Chemist: 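Handing you a structure now.
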Protein chains: 2
Amino acid sequence: MTAEVKPSSPPLTERQEARRRRILHASAQLASRGGFDAVQMREVAEAAGVALGTLYRYFPSKVHLLVATMQDQLQHLHTTLRKRPPAGESAAERVAETLMRAFRALQREPQLADAMVRALTFADRSVSPEVDTVSRQTTAIILDAMDLPGPPDPEQLSAVRVIEHTWHSALITWLSGRASIAQVKIDIETVCRLIDLTGPEPR
Amino acid sequence: MTAEVKPSSPPLTERQEARRRRILHASAQLASRGGFDAVQMREVAEAAGVALGTLYRYFPSKVHLLVATMQDQLQHLHTTLRKRPPAGESAAERVAETLMRAFRALQREPQLADAMVRALTFADRSVSPEVDTVSRQTTAIILDAMDLPGPPDPEQLSAVRVIEHTWHSALITWLSGRASIAQVKIDIETVCRLIDLTGPEPR
DNA sequence: TTCGATACTGAAACTTGTTCTAGGTTAGCG
DNA sequence: CGCTAACCTAGAACAAGTTTCAGTATCGAA
């Protein structure tokens with residue numbers, strides 16, 4: 001279930017790889033302060049030491065840039081989470097625990113979270129492939145936490161999708177100050193019950 | 001459970017009410033064609049026959065405008081839905097039916113849906129009150145569909161929130177072409193099972 | 001009816017995402 | 001080494017959201 005971010009088509013030279021990394025770093029840096037609005041393309045370019053045109057060659061829009069930033073952060077998160085797998089009894093508990101852990105990680109950088117999530121939901125069709133990658137990464141994290149014996153069945157996949165929807169949308173309501181952390185926790189736990197509903201029992 | 005859109009603080013004169021209505025109409029009109037990008041503030045102002053500054057006095061940003069447009073459309077929808085209540089046996093069925101009906105309504109105006117939903121998820125804290133109103137309208141629609149005998153308990157409210165999250169997020173993935181209508185239907189039906197899970201049984 | 005406050009208009013200006021252009025640099029290859 | 005294509009840079013230019021301002025119209029109260 002390893003979901004590596006695709007190294008994509010043309011292999012980059014070392015300097016190009018470094019540029020790309022500098023850009024993503026600058027993006028995350030700026031986002032950590034003022035959130036979405038603070039990630040201004042001219043500033044990112046300057047902070048990364050590249051020309052504006054170059055920035056646009058690497059990331060065709062601000063949304064692309066921030067979604068790529070999210071891919072980057074998610075990969076870190078996934079790696080971190082794997083080191084200490086959740087300890088719950090049931091799959092539902094493990095998933096809820098994992099998501100709340102991820103949530104606390106985002107809490108530490110709320111502005112960064114804001115920038116990434118806003119970009120993700122604002123993305124139009126032209127960013128679909130990249131958004132899809134993020135979605136696959138999230139799915140991988142959840143399935144990892146479920147720690148199923150075999151491959152998931154379609155019903156479980158649907159439950160996972162619903163959990164993703166909830167996770168995503170709950171994050172937004174928290175970021176915009178319309179829900180408390182406690183409420184997010186309750187919603188996550190509520191939706192995770194779906195897992196035990198679909199899994200072992202006969203239908 | 002009637003959730004009227006608050007008439008807000010200062011009562012408007014007749015001409016002001018008419019202006020406001022013209023603006024919302026122009027907004028919906030433009031959105032129905034090109035979606036979010038086609039709702040350009042200068043064009044809205046021109047189509048509504050008001051100056052740009054006036055448009056901004058009524059709606060302090062494009063996002064505010066589109067969220068207000070959504071409030072408007074939701075109210076229509078709610079009225080329409082009430083005329084023919086869903087017929088399902090269980091609360092879960094009725095909610096799923098209602099949401100799919102709403103979904104089909106949006107399908108008829110995908111560009112408008114795109115504009116409204118993008119605005120909703122892109123909204124930052126400054127739009128929280130308005131977004132909250134939309135959320136309450138949605139909650140009211142779902143609770144109506146559930147047709148509970150008494151007031152909902154906290155567990156049911158959490159289930160409703162999760163359903164809203166799913167509805168909202170599923171809509172986004174459909175609009176951005178990353179999920180089919182069939183998939184949305186499955187996800188809605190999946191999440192609606194939560195209702196029967198929380199309701200009648202003893203815990 | 002008249003007055004003062006508030007709202008509206010038209011137009012310019014400002015901001016930030018995005019595109020374009022002309023010229024210099026780099027990488028790979030014979 | 002020298003060539004060529006692809007890449008990079010600096011900077012201007014353009015697009016659309018938002019703000020501002022001076023002047024005009026409207027409204028509600030005296």
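Throughout, protein chains are lettered first and strands after them, A, B, ... in sequence-line order, and every chain is numbered starting at 1. The model shown is predicted, which means the values in this text are computed figures rather than measured ones.
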Chemist: Quick one: R20(A) CZ to dC7(D) C1', roughly how many Å, whole number?
Modeler: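 After rounding, the reported distance stands at 17 Å.
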Chemist: Taking for each residue the nucleotide of DNA chain D bearing the nearest heavy atom, is the 5' side occupied by Y56(B) or by R19(B)?
Modeler: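 Nearest nucleotide further toward 5': that of Y56(B).
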Chemist: Counting the atoms with a prime plus P, OP1 and OP2 as sugar-phosphate, which does V39(B) contact under 4.0 Å by heavy atoms, base, sugar-phosphate, or nothing?
Modeler: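 Sugar-phosphate only.
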Chemist: Determine whether T13(A) and Q16(A) make a side-chain contact, defined as any pair of heavy atoms from C-beta on separated by less than 4.5 Å.
Modeler: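 Side-chain contact under 4.5 Å: yes.
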Chemist: My understanding is that only one of T166(A), D187(A), T190(A) makes a side chain to side chain donor-acceptor pair (under 3.5 Å) with H165(B); could you say which?
Modeler: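 It is D187(A), the one option of T166(A), D187(A), T190(A) that forms the side chain to side chain donor-acceptor pair (under 3.5 Å) with H165(B).
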Chemist: Could you check whether Y58(A) gets within reach of a base, just the sugar-phosphate, or nothing at all, counting any heavy atom under 4.0 Å?
Modeler: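 Sugar-phosphate, backbone atoms only, no base.
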Chemist: How close or far is atom P of dA6(D) from atom CD of Q16(A), stated in whole angstroms?
Modeler: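 Those two atoms, CD and P, are 13 Å apart.
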Chemist: R57(B) CZ to dC27(D) C1': how many Å, rounded?
Modeler: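 R57(B) atom CZ is separated from dC27(D) atom C1' by 13 Å.
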Chemist: In Å and rounded to the nearest 0.5 Å, what is the CG to OG1 distance from L143(A) to T139(A)?
Modeler: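 Here the interatomic distance stands at 6.5 Å.
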Chemist: Tell me, please, the opening and closing nucleotides of DNA chain C, 5' to 3', among those with an atom under 4.0 angstrom from a non-hydrogen atom of chain B.
Modeler: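 Footprint of chain B along DNA chain C, 5' to 3': dA7(C) to dA13(C).
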Chemist: Please name the pair of heavy atoms, one in M41(B) and one in S61(B), separated by the smallest distance, quoted to 0.1 Å.
Modeler: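 For M41(B) and S61(B), the tightest heavy-atom pair comes out as CE-C, 3.9 Å.
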Chemist: Would you find a donor on one side and an acceptor on the other, under 3.5 Å apart, between the side chain of T98(B) and the backbone of R94(B)?
Modeler: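 Yes.
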Chemist: For residues 101-112 of chain A, which residue pairs pass the side-chain hydrogen bond (donor to acceptor under 3.5 Å, both in side chains) check, not counting sequence neighbours?
Modeler: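 Counting only pairs at least two positions apart or across chains, the side-chain hydrogen bond (donor to acceptor under 3.5 Å, both in side chains) contacts touching residues 101-112 of chain A are E97(A)-R101(A).
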Chemist: Distance alone, cut at 3.5 Å: any donor-acceptor contact between the side chains of T79(B) and H76(B)?
Modeler: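 There is no such pair (donor and acceptor under 3.5 Å, judged by atom type) between the side chains of T79(B) and H76(B).
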Chemist: Could you please spell out the steps behind the salt bridge (charged side-chain N to carboxylate O under 4.0 Å, His left out) verdict for D114(B) and R125(A)?
Modeler: CA-CA 11 Å; D114(B) 170 77; R125(A) 297 180 115 83; over 6 Å; no
Chemist: Nearest-Å distance, CG (L66(B)) to P (dT18(D))?
Modeler: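 Going from L66(B) (CG) to dT18(D) (P), I get 10 Å.
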Chemist: Mind listing the residues from residues 25-37 of chain A sitting with a heavy atom below 4.0 Å of DNA chain D? Number order is fine.
Modeler: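 The stretch gives none, as no residue of it lies under 4.0 Å from the strand.
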Chemist: On DNA chain C, does the nearest nucleotide to S61(A) precede the nearest nucleotide to R15(A) from the 5' side, or the other way round? Give the residue.
Modeler: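 With S61(A) and R15(A) compared, the 5'-side residue is S61(A).
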Chemist: Near DNA chain D, counting only heavy atoms under 4.0 Å, which residues of residues 118-127 of chain B show up?
Modeler: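 Nothing qualifies; none.
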Chemist: Between S169(B) and S169(A), do the side chains contain an N or O donor and an N or O acceptor separated by less than 3.5 Å?
Modeler: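 No, no side-chain donor-acceptor contact under 3.5 Å.
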Chemist: Restricting to nitrogen or oxygen on both sides, can you table the protein-nucleotides 1-3 of chain D pairs closer than 3.5 Å?
Modeler:
none

Chemist: All N/O contacts under 3.5 Å from nucleotides 11-14 of chain D to the protein, with atom names and distances to one decimal?
Modeler:
none

Chemist: Figure out the CG/P separation between L55(A) and dA10(D), and round it to whole Å.
Modeler: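 It is 13 Å, rounded to the nearest whole Å.
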Chemist: Would you call L112(A) and M116(A) a side-chain contact if the rule is heavy atoms closer than 4.5 Å?
Modeler: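 With C-beta onward as the side chain, the pair touches.
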Chemist: Could you state the CD-C1' distance from E14(B) to dG28(D), rounded to the nearest angstrom?
Modeler: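 That distance rounds to 16 Å.
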Chemist: Would you please indicate yes or no on a ring centroid separation below 6.0 angstrom for F122(B) and F36(A)?
Modeler: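 They qualify: ring centres under 6.0 Å apart.
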Chemist: Under 4.5 Å between any side-chain heavy atoms of M70(A) and Q137(A), yes or no?
Modeler: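 Contact flag for M70(A)/Q137(A) side chains = no.
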Chemist: One pair to check against salt bridge (charged side-chain N to carboxylate O under 4.0 Å, His left out): E189(A) and R193(A). What are the steps and the verdict?
Modeler: CA-CA 7 Å; E189(A) 282 163 358; R193(A) 290 209 227 158; over 6 Å; no
Chemist: Is atom CD of E46(A) surrounded by more than 12 heavy atoms (other residues, nucleotides or ligands) closer than 6.0 Å?
Modeler: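 No.
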Chemist: Begin with the C-alpha distance, continue with both residues' side-chain angles, and end with the deciding distance and a verdict on salt bridge (charged side-chain N to carboxylate O under 4.0 Å, His left out) for D72(B) and R21(B).
Modeler: CA-CA 10 Å; D72(B) 210 40; R21(B) 206 117 291 290; 3.7 Å; yes
Chemist: For R178(A) and S176(A), what are the C-alpha separation, side-chain angles and deciding distance, and is it a side chain to side chain donor-acceptor pair (under 3.5 Å)?
Modeler: CA-CA 6 Å; R178(A) 301 201 322 280; S176(A) 63; 2.8 Å; yes
